[in-house]
Amino acid sequence: MPAMRRAKPAVRRLIDPLQLAQGLIRCASVTPADDGAQDVLADALAAEGFAVHRLPFGQTPNLFARIGTGSPHFCFAGHTDVVPPGGGWRHDPFGGVVDDGVLYGRGACDMKGAVAAFAAAASAYLAQHPSPRGSISLLITGDEEGPALDGTVRVLGWMAAEGQIPDLCIVGEPSNPRFLGEMVKVGRRGSLNATVTVSGVQGHAAYPKRASNPVHPLIAALAALTSARLDEGSAFFEPSSLQVTSVDVGNPAFNVIPAQAAARLNIRFNDLHTGASLSGWLRDIVGRHAPGATVEVQVSGEAFRTEPGPSLDRVCAVIERETGHVPLRDTSGGTSDARFISRYAPVIEFGLVGATIHQANECVAVADLLALSAIYEAIVRDYLG
Ligand SMILES: [Zn+2]
């Protein structure tokens, strides 16, 4: 009688947050490149039983992975692209080197580290809850640091069409300024870019009556814009701020009145304004001081805020329990993909310490990486039971 062949019990290997973070960092995924980063993540999630949907839009790789189909549906959102490394690194920015308990690499905290920490958290949770009550998903884009046109915003459209909108979303942006547990982001200011162009009539500086100098009305308009106070801040936001970021005349001569002058400016605005209200305000002020000037406006994000409520309170309570710190609920900083998600679901941002993001020698303490993974796991356990 032939010997019975016994099936070996499947050995379950948990996702290791450090190994996965290193695997992701070793892909040089400077926006819009991917360099295999999403394959690394997709393979790890598929091995856990996630249904992985690759969702490329235009040149942008994206993925949505979900395990379970029930509710509540908890989603983690993040990105695998990174900003260029620049110079001045102690270690290869795409080497994933650990030196003295610190993991170095572009994306270590913004935000491959957090992506790996969440995947590991899900893996640890699923090991204890093989058929979870609700479902866990990851919304990952390869274009957060770039124009963000074919990334999260497009994936959300797909998710809405497929009935995959979550009940709560955590974005893994590095929300903590100095230490883990210090801060969650519960909203972001809006951002608006504008170019003001004034046309005049070129001429000799000695005969100004025969010319029309566009620089003078441009200066007057900018003076009016920069001396205006947009607001005094709101209950949850700091005051809005207008910054002139460039004044461009490009005139090499002292004795020529130029034909054109332009300026660029950026407004970071709170929930007392919208992109549309500020565009109207800009055109009005500019029109008064520089009649005929053109104002081109591009709104890259509206201000948004996560309503206070039980979901937010519970996430903050878990962070406090795990770290011993009561996280500050803050709305400062630049925009993030949370601005798109907030149109569909309550969204909270919590990730690693952001002290070295977008700098040479971006790094994360391995202990922080493991601690963040444990916090994410505790948040999922608290939310799904
Ligand atoms: Zn980021």
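Indexing begins at 1, ligand by ligand and atom by atom, following the structure's order.
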* Asked: Can we say R268 and E238 salt-bridge, meaning some charged N sits less than 4.0 Å from an Asp/Glu carboxylate O?
  -> no
* Asked: Does the pair R329/D313 count as a salt bridge with the N-to-O cut at 4.0 Å?
  ->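 Yes, this pair counts.
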* **Listed partners of D39 passing side-chain hydrogen bond (donor to acceptor under 3.5 Å, both in side chains), at least two apart** =>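 Checked D39 against side-chain hydrogen bond (donor to acceptor under 3.5 Å, both in side chains); matches are R54.
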* ILVMFWY clustering at 4.5 Å (side-chain atoms), partners of M183 ->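 Noted: M183 shares its cluster with L328.
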* Remaining members of the apolar cluster that contains V286, side-chain heavy atoms under 4.5 Å -> L192, V196, V198, L218, L222, L225, L230, L242, V244, V247, L265, I267, F269, L278, W281, L282, I285, V295, V297, V299
* Tell me, which protein N/O/S atoms are under 2.8 Å away from the Zn ion (ligand 1)? -> H79 NE2, D110 OD1, E173 OE1, E173 OE2
* To do: Give a yes or no on this: more than 12 heavy atoms of other residues, nucleotides or ligands lie within 6.0 Å of atom CZ of R26.
  => yes
